[in-house]
Amino acid sequence: MRQKRYLEQNVYDAAKDRIRKIYDLFDSVVVCWSGGKDSTACLWLVWEVAQELGKTHVDVLFRDEEVIPDCIVNFVDEYRRKDWVRLNWFAIPLESTKFILGQSVKYVQWEPGRKHFRPVPEWAITLPEGDDRVFSQVDADAFLSQWYKGKTAFVLGIRAAESLTRFRSCVNKLNLNYINKSSSKNVSLCKPIYDWEENDVFKYFYEKEIRYVELYDWQNL
């Protein structure tokens with residue numbers, strides 16, 4: 001029976017050690033960034049390690065979900081313009097689910113043939129005209145990985161404390177438990193902050209003077 005145990009290391013140092021290992025193991029390291037707090041913490045942690053390794057940028061992947069707050073769109077666009085962020089902004093048809101007033105509503109992001117909730121950003125990567133594919137959450141990784149070389153690590157801001165499902169995804173291996181397979185043979189899903197709590201994320205922002213999207217402050221009003 002597997003049990004939790006504490007490391008003789010704080011979560012900040014442990015996360016950076018994991019990211020160094022990820023850079024050792026993979027040809028391409030890509031932060032899957034949503035603009036949210038957890039993936040923002042991952043982005044900055046990866047940038048810290050990248051600088052230590054002499055790198056000049058971080059590869060970032062943003063899946064534009066279409067139905068997202070303007071503050072998120074503006075926040076991501078702000079980062080898109082930073083000289084150390086090499087961001088690919090994807091707006092592709094993707095099966096998705098939104099939870100609204102206790103109900104689960106299925107929809108397709110950027111679905112062809114209907115009016116979109118907002119215009120597709122002119123810099124976004126989209127499907128070519130005539131390509132009518134609609135991706136699932138499972139098979140999208142193979143499409144997205146085409147923009148990166150070799151063995152690719154998709155770095156995710158997933159924390160085990162958020163749900164039992166996420167906890168289980170982080171304990172199904174004895175070694176390098178923060179690196180998991182994906183549906184694409186050349187992509188692995190890496191979770192360097194899996195053992196962080198929400199307070200660790202905001203403590204990191206505070207100590208490093210990192211601005212996060214204002215949506216989280218609005219939620220506490």
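What you see is a predicted model, and the numbers here were worked out from it, not measured in a lab. Heavy atoms only: backbone and side chains are in, while hydrogens, waters and symmetry mates are out.
Shown are Arg114, Lys115, Lys98; of these, the salt bridge (charged side-chain N to carboxylate O under 4.0 Å, His left out) with Glu66 is made only by Arg114. The side-chain contact (heavy atoms from CB on, under 4.5 Å) with Ile19 is formed by just one residue from the set Asp24, Val46, Val155; it is Val46.
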Legend entry - Steps toward side-chain contact (heavy atoms from CB on, under 4.5 Å) verdict (Arg63, Trp89): CA-CA 6 Å; Arg63 299 190 194 190; Trp89 187 307; over 6 Å; no
Legend entry - From CA spacing to verdict: salt bridge (Lys or Arg N to Asp or Glu O under 4.0 Å), Arg18, Asp195: CA-CA 12 Å; Arg18 293 168 192 147; Asp195 53 356; 2.8 Å; yes
Inset, instruction - Run the numbers on Glu95 and Ser136 for side chain to side chain donor-acceptor pair (under 3.5 Å), then give the verdict. - result: CA-CA 5 Å; Glu95 296 174 354; Ser136 70; 5.1 Å; no
Inset, instruction - For the pair Phe75 and Tyr79, evaluate ring-ring contact (aromatic ring centres under 6.0 Å, His included) and give the outcome as yes or no after the intermediate values. - result: CA-CA 7 Å; Phe75 188 60; Tyr79 272 71; 5.1 Å; yes
Inset, instruction - Apply side chain to side chain donor-acceptor pair (under 3.5 Å) to Asp64 and Gln109, showing your working. - result: CA-CA 8 Å; Asp64 190 333; Gln109 302 166 16; over 6 Å; no
Inset, instruction - Using the side chain to side chain donor-acceptor pair (under 3.5 Å) rule, take Thr97 and Ser104 through it: C-alpha gap first, then chi angles, then the decisive distance, then the call. - result: CA-CA 6 Å; Thr97 302; Ser104 176; 4.7 Å; no
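Contacts of Lys21 classified as salt bridge (charged side-chain N to carboxylate O under 4.0 Å, His left out), with partners at least two apart in sequence or in another chain: none.
Judged purely by distance below 3.5 Å, without hydrogens or angles, the side chains of Ser145 and Thr152 never pair a donor atom with an acceptor atom. If you check the side chains of Asn10 and Asp13, you find a donor sitting under 3.5 Å from an acceptor. Counting only N and O atoms by type, the side chains of Tyr107 and Glu65 include no donor and acceptor under 3.5 Å apart.
Using cut-offs of 30° and 60° on the angle between ring planes, the pair Phe202 and Tyr216 is perpendicular.
Ring pair Phe90/Trp147: centre-to-centre distance below 6.0 Å. Centroid-to-centroid, the aromatic rings of Trp84 and Trp44 come within less than 6.0 Å.
Contact between Ile179 and Cys190 at its shortest, heavy atoms only, is CG1-SG, 4.0 Å. Closest non-hydrogen pair, Val58 versus Ala50, comes out as CG2-CB, 4.1 Å. In plain terms, the two heavy atoms of Ser34 and Ile72 that are nearest each other are O-CG2, 3.6 Å. Heavy atoms only, all atoms of each residue included: Tyr148 and Leu61 are closest at OH-CB, 3.8 Å. Ala91 and Ala124 get closest at one heavy-atom pair: CB-CB, 4.0 Å.
Glu214 and Arg211 are joined by a salt bridge, as a carboxylate oxygen and a charged side-chain nitrogen come within less than 4.0 angstrom of each other.
Listed for the Asp77 side chain is no donor-acceptor partner under 3.5 Å among the backbone atoms of Val73. Thr56 contributes no side-chain N or O that, together with a main-chain N or O of Gly54, makes up a donor-acceptor pair within less than 3.5 Å. No donor-acceptor pair closer than 3.5 Å links the side chain of Ser182 to the backbone N or O of Ser188. Between the side chain of Gln146 and the backbone N or O of Phe143 there is at least one donor-acceptor pair closer than 3.5 Å. Between the side chain of Trp47 and the main chain of His57, no donor-acceptor pair closer than 3.5 Å is present. Between the side chain of Asp141 and the main chain of Ser184, no donor-acceptor pair closer than 3.5 Å is present.
If you take CD on Gln137 and CG on Leu94, they are separated by 4.5 Å, rounding to the nearest 0.5 Å. Of the inter-residue distances, the one linking Asp38 atom CG with Leu43 atom CG reads 12.5 Å to the nearest 0.5 angstrom. In this structure, the separation between CZ on Arg80 and CH2 on Trp123 is 4.5 Å, given to the nearest 0.5 Å. Separation of atoms CG (Leu156) and SG (Cys42) is listed at 7.5 Å; rounding is to 0.5 Å. Taken to the nearest 0.5 Å, the NZ atom of Lys203 stands 13.5 Å off from the CD atom of Glu197. One finds the CZ atom of Phe26 at 10.5 Å from the CG atom of Asn186 (value rounded to the nearest 0.5 Å).
Val49 places none of its side-chain heavy atoms less than 4.5 Å from the side chain of Leu45. Side chains of Pro93 and Leu127 form a contact here, defined as non-hydrogen atoms less than 4.5 Å apart. Between Val85 and Trp33 there is no side-chain heavy-atom pair separated by less than 4.5 Å. Residues Ile92 and Trp110 have side chains not in contact (no heavy-atom distance under 4.5 Å, counting atoms from C-beta outward). Within the 4.5 Å cutoff, the side chain of Arg118 has heavy atoms near those of the Ile68 side chain. For the pair Tyr194 and Arg159, the minimum side-chain heavy-atom distance is 4.5 Å or more. Counting only heavy atoms from C-beta outward, the side chains of Val31 and Asp59 never approach each other to under 4.5 Å. No side-chain heavy atom of Phe154 sits less than 4.5 Å from a side-chain heavy atom of Lys191.
Hydrophobic clustering of Ile, Leu, Val, Met, Phe, Trp and Tyr side chains at less than 4.5 Å, counting indirect connections, keeps Phe135 apart from Val138. Cluster membership check: Val201 shares its hydrophobic cluster with Trp218, using side-chain heavy-atom separations under 4.5 Å among Ile, Leu, Val, Met, Phe, Trp and Tyr. Phe205 and Val76 fall within a single hydrophobic cluster, where Ile, Leu, Val, Met, Phe, Trp and Tyr side chains are chained together by heavy-atom contacts under 4.5 Å.
Judged by the 6.0 Å distance and 45° axis criteria, Lys37 is not positioned over the aromatic ring of Tyr212.
Under a cut-off of 6.0 angstrom, the local environment of CD in Gln9 is crowded, with over 12 non-hydrogen atoms contributed by other residues, nucleotides or ligands. For Lys185, the NZ atom counts as loosely surrounded, since its 6.0 Å shell holds 12 or fewer non-hydrogen atoms of other residues, nucleotides or ligands.
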